[in-house]
Amino acid sequence: MTDAPEAPEPITPPTAEAAKAATNPWAIRDFRLIWLGRLSAVLAIQIQSSALLWQVYEIARRDHPIEQASLYLGLVGLFQFIPLLALTLPAGEMADRRNRRTTVMLAIVAEGACAAAFLAMAIHGDPPLWGLLAVAFGFGASRAFLAPASQAFLPMVVGRAALPRAIAAQSIAFQTGAIAGPALGGVIVGVSTPLAYGASLALFGVGLLCFLLMRTNGQPERVEGGPGRWQSVKEGLAYVWNTKIVLGAISLDLIVVLFAGVALLTPIFARDILQVGPEGFGLLRAAFGVGAFSMALLLARYPIPGKGGLWMFASVAVFGIATLVFGLSKVVWLSALALFIGGAADMISVNIRQTLIQLSTPDHMRGRVSSVSMLFIGASNELGEAYSGVMVRFLGPIGAAVFGGIGALGATGLWAKLFPDLRKADRLV
């Protein structure tokens, strides 16, 4: 007589502890490495950016008044935007075919090479503006490949359940760099501009080492019989256009930062409006990051549970008001406070926007969608700097900031009407 087959063991539902662990990105070794790598890279970029903006403005002010010198600052953004415009979409398509981790490492190597070039010219003592702009162009090209691959790589490391908290934690890394980088950049530039570029080069090396130590396979899923390369790019654009939540989120970032971005204005306000020198320039650059960092800590501990769309539009409106106050302020503490509040508001918007984009996009298209997002963000930052330089030329620095704050408020209301699905977006998990 044969024994009766044993009944299968009942499937035990996951415990509360297991479910909590599945949503905790810090339990994942490679996430800790990617977090440290991002922190190092952001520190490097911010220190380098502070040194470059101050150096270009100082050189330009030797022979030009404020309005004309601001145009050279605008060229720094424009020369970084041109390669972003040309290369970001092909780079996103490549991130959906090639190993994303390898792509990130190669891009960091290229950024480190740019830092080395800036260092060499700073050691020379009196670099030509065209040389600084040429290296800025190369740096923009490397960023075009870094951002889509790194953004698409993150969900491969942490999985869907941990993604909202991972994005918040990554924002902490970014804002930590955004706080320390400009402050350190301002202080180090006050001592030695070559030292600032040397510190950036070393930090790029740390970021590269972190990705070398990772174990996650960065090769994306292959889709059999997929479209050709350029057809694939068009497919990514079509997906963004037809997914109104994604389109509304990234286009809102473009228009608001284009109007209300103050990164280019900080050296002008520090040197010629508030007259607080390179240390005050570092303070103003850091204040925005301090506000964003504080908010990122709160979001990592207490994610926004619902009404994400309304939270995002409200935070963008606060960002516009903060920009308006910054433009009208005549004292450094009020200017720093306005930037602090603007940074906190911007962090809410960034966290919600990135979460909506990642959760709304299938893995095999994340590289292309991230590249479109990066193109919009790059346009808002680098093209925004060029736009601000032109606005300062015609309106002066105070008028440019005030106009930008008013424009951001107007755009917020218009986008809330144009994209009702984004306004009604609710849960972010």
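Computed from heavy atoms alone, side chains included, the values below leave out hydrogens, waters and symmetry copies.
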#### Entry: Side chain to side chain, Q55 and P127, heavy atoms closer than 4.5 Å
yes
### Task
Return yes if some donor-acceptor pair links the side-chain N/O of S49 with the main-chain N/O of I45 below 3.5 Å, else return no.
no
### Task
Dump the intermediate steps for side-chain contact (heavy atoms from CB on, under 4.5 Å) on T193 and F118, then the final yes or no.
CA-CA 10 Å; T193 299; F118 282 129; over 6 Å; no
### Query
If every non-hydrogen atom of P397 is compared with every non-hydrogen atom of I273, which pair is closest and at what distance?
CG-CD1, 3.9 Å
### Summary
Output for pair (Y197 OH, S192 OG), nearest 0.5 Å, gives 10.5 Å
### Message
In terms of relative ring orientation, are F211 and F153 parallel, tilted or perpendicular, with 30° and 60° separating the classes?
### Response
tilted
### Parallel, tilted or perpendicular: ring planes of F137 versus F79, cut at 30 and 60 degrees
perpendicular
### Query
Any sub-3.5 Å donor-acceptor pair from S349's side-chain atoms to A345's backbone N or O?
no
### Message
Could you check whether any side-chain N or O of D30 sits under 3.5 Å from a backbone N or O of M214, counting only pairs where one atom can act as donor and the other as acceptor?
### Response
no
#### Entry: Interatomic spacing from CG in L87 to CD1 in I82 - rounded to 0.5 Å
11.5 Å
### Query
About how many Å separate CD1 of I47 and CG of L201, when rounded to the nearest 0.5 Å?
11.5 Å
### Task
Could you tell me whether the side chain of C114 reaches within less than 4.5 Å of the side chain of F204, counting heavy atoms only?
no
### Task
Any chance you could measure L129, atom CG, to I59, atom CD1, to the nearest 0.5 Å?
5.0 Å
### Summary
Interatomic distance, CD1@I28 vs CH2@W26, rounded to 0.5 Å, equals 11.0 Å
### Query
Taking C-beta and beyond as the side chain, do V325 and I341 meet within less than 4.5 Å on heavy atoms?
no
#### Entry: L212 side chain near L208 side chain, heavy-atom distance below 4.5 Å
yes
### Query
Can you find a heavy atom in the side chain of F403 that is under 4.5 Å from one in the side chain of I406?
no
#### Entry: Which atom of P25 lies closest to which atom of V158, heavy atoms considered
CB-CG1, 4.1 Å
### Verdict with reasoning, L213 to R29, per side-chain contact (heavy atoms from CB on, under 4.5 Å)
CA-CA 10 Å; L213 293 174; R29 172 185 176 275; 4.2 Å; yes
### Message
Quick one: does any side-chain atom of R100 pair with a main-chain N or O of A149 as donor and acceptor, under 3.5 Å?
### Response
no
### Task
For side-chain contact (heavy atoms from CB on, under 4.5 Å), just list the numbers for T216 and R101, CA-CA rounded to whole Å, side-chain angles, deciding distance to a tenth of an Å, and then say yes or no.
CA-CA 8 Å; T216 302; R101 175 168 159 258; 5.8 Å; no
### Query
Per the side-chain contact (heavy atoms from CB on, under 4.5 Å) rule, which among L283, L284, L328, V276 passes with S335?
L284
### L119 to P194 - nearest heavy-atom pair and separation
CD1-O, 3.1 Å
### Message
Pair T266, F288 - check side-chain contact (heavy atoms from CB on, under 4.5 Å), show working.
### Response
CA-CA 11 Å; T266 50; F288 189 91; over 6 Å; no
### Summary
Minimal heavy-atom distance between D346 and F319, with the atoms involved, is CB-CD1, 4.1 Å
### Task
Check the surroundings of atom NZ in K330: do more than 12 heavy atoms from other residues, nucleotides or ligands lie under 6.0 Å from it?
yes
#### Entry: Atom pair OG/CD of S142 and Q80 - distance to nearest 0.5 Å
9.0 Å
### Message
Donor-acceptor pair, distance only, cut-off 3.5 Å: does the side chain of S40 make one with the backbone of V206?
### Response
no
### Query
Nearest heavy-atom pair of V402 and G327: which atoms, and what distance?
CG2-C, 4.4 Å
### Query
Looking only at heavy atoms, which two atoms of F145 and T103 are closest? And how far apart?
O-CG2, 3.8 Å
### Any donor-acceptor N/O pair, S315 side chain to M312 backbone, under 3.5 Å
yes
### Query
How about W311: does its CH2 atom have over 12 heavy atoms from other parts shown lying under 6.0 Å from it?
no
